[in-house]
Amino acid sequence: MSANTMVCGIVLHPAGHTRSPAMHNAAFRACGIDATYHAFDVPPDRLGDAITGMRGLGLRQLAVSIPHKTTVMAHLDRVDERAAAIGAVNTVTLRENKLEGANTDWIGALRALEREIDPKGRHAVVLGAGGAARAVVYGLGQAGALVSILNRTESRARELANELGAKESGPLEALADLSPDIIVNTTSVGLGSDVSPAAPEWLPAHAVVMDAVYQPENTRLLRDATQRGARALPGKWMLVHQAAEQFRLWTDTDPPLDVMAQAFDAAGRDSPS
Ligand code: ATR
């Protein structure tokens, strides 16, 4: 590091096991960019100080994670149209002394899906109606997919469908009758435990099934999908692609995707949560 080293980071609470520093630092090294990326554990009552501190320190880039993605907006000068529609900011950039909020989660989800399928004109089912669902539904809408939102609490699915212009909403069990081309799990079901939000027989063989849960990497839902003959996409790709888009935004450099994916894997081996 030198006096000129660009300092970036992520604000989150608790700091836990984020793999973002590993991905970004590996990318900086691979591209010969003099920068470093740090995880800042910022509790909610310090968020305002942390964000306005960017201006004081001339810190140009910060990523924002749980639980700050919505509350951070109150501390910014501008929130771009897409982040405003999603209702969450995961990227703050200081430009001409203005703090600007953007969202790369939706592009991350879309790029991850595009590894297997072009969503345009396809029928996609999103399981869940929380924060993660918002970015996924928005991304699918931008790509021209027809989206159904299914959730344990049906009213939340309905509200999200109305707000983001999805085709329909319903309970999780409605998946049994839909036979979509794309299924994305955004519920927390399967996180750290071997359960699935969908019965195996609800997963059509022609579908691409992606799980936003990335711990464990090969969730019950993904294993069921593979067994049914469907294509399974681990949630790790959503995280790698969203980080890659942040890297692009901040450095104007094409992100080294393989390097970032390898760093993501290595960080998981170093500190499995
Ligand atoms: P996030 O921001 O990670 O999406 P969230 O806003 O708390 O977190 O949303 C969690 C999602 O997982 C919701 O869709 C939730 O369903 P409800 O709206 O019915 O609460 C879903 N979820 C959590 N636990 C679940 C469970 N055991 N079975 C089915 N869905 C579950």
Side-chain angles (χ1 to χ4, degrees), residues 10-20 44 47 63-73 82-91 101 103-110 112-113 124-141 147-164 166 168-176 178 180 182-203 209-217 219-222 224-225 234-239 241-243 273:
I10 181 165
V11 292
L12 76 171
H13 182 74
H17 290 127
T18 173
R19 302 189 201 183
S20 293
L47 181 66
V64 180
S65 191
I66 288 163
H68 303 312
K69 287 187 183 186
T70 300
T71 49
V72 72
M73 290 197 267
R82 295 165 183 286
I86 294 165
V89 158
N90 79 328
T91 310
N103 186 305
T104 65
D105 287 330
W106 71 277
I107 316 184
L110 193 53
L113 276 170
V125 165
V126 175
L127 305 177
R134 299 183 69 91
V136 172
V137 170
Y138 182 84
L140 284 164
V147 183
S148 307
I149 304 173
L150 308 183
N151 193 45
R152 176 178 63 180
T153 309
E154 225 182 309
S155 57
R156 284 187 86 194
R158 195 162 50 241
E159 280 158 26
L160 187 57
N162 288 340
E163 193 184 328
L164 293 182
E168 60 185 2
S169 62
L172 291 173
E173 301 72 35
L175 180 57
L178 289 181
I182 296 168
I183 299 171
V184 183
N185 174 41
T186 69
T187 75
S188 48
V189 180
L191 177 64
S193 66
D194 199 34
V195 290
S196 168
E201 60 274 19
W202 300 350
L203 309 173
V209 179
M210 183 161 82
D211 201 338
V213 171
Y214 67 94
Q215 192 73 261
E217 181 165 330
T219 57
R220 163 75 75 97
L221 172 67
L222 295 181
D224 287 346
K236 111 175 183 187
W237 291 112
M238 293 174 62
L239 293 167
H241 282 282
Q242 70 76 22
S273 47

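Everything numeric in this text was worked out from a predicted model, so none of it was measured. Every number for a ligand or one of its atoms is a count from 1 in the order of the listing.
The side-chain contact (heavy atoms from CB on, under 4.5 Å) test applied to Glu168 returns His123, Ser148, Leu178, not counting sequence neighbours. Residues that satisfy the side-chain contact (heavy atoms from CB on, under 4.5 Å) test with Leu239, not counting sequence neighbours, are Tyr214, Gln242, Phe264. Under the rule for a side-chain contact (heavy atoms from CB on, under 4.5 Å), the partners of Ala85 that lie at least two apart in sequence or sit in another chain are Tyr138.
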What short N/O contacts, under 3.5 Å, does ligand 1 make with the protein, listed by atom pair and distance?
from, atom 1, to, atom 2, distance (Å)
ligand 1, 2 (O), Gly131, N, 3.1
ligand 1, 4 (O), Gly131, N, 3.1
ligand 1, 4 (O), Ala132, N, 3.1
ligand 1, 6 (O), Gly131, N, 3.4
ligand 1, 12 (O), Ser188, N, 3.4
ligand 1, 14 (O), Ala129, N, 3.0
ligand 1, 14 (O), Asn151, OD1, 2.7
ligand 1, 16 (O), Asn151, OD1, 3.3
ligand 1, 18 (O), Asn151, ND2, 2.8
ligand 1, 18 (O), Arg156, NH1, 2.8
ligand 1, 19 (O), Arg152, NE, 3.1
ligand 1, 19 (O), Thr153, N, 3.0
ligand 1, 19 (O), Thr153, OG1, 2.5
ligand 1, 20 (O), Arg152, NH2, 2.9
ligand 1, 27 (N), Arg152, NH1, 3.4

For this session: For the pair Thr104 and Asn90, evaluate side chain to side chain donor-acceptor pair (under 3.5 Å) and give the outcome as yes or no after the intermediate values.
Result: CA-CA 7 Å; Thr104 65; Asn90 79 328; 3.0 Å; yes
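The backbone N or O of Asn103 lies less than 3.5 Å from no partner atom in the side chain of Thr91, so there is not a single donor-acceptor pair.
For the side-chain contact (heavy atoms from CB on, under 4.5 Å) test with Pro180, the passing option among Val126, Leu175, Val209 is Leu175; the others fail.
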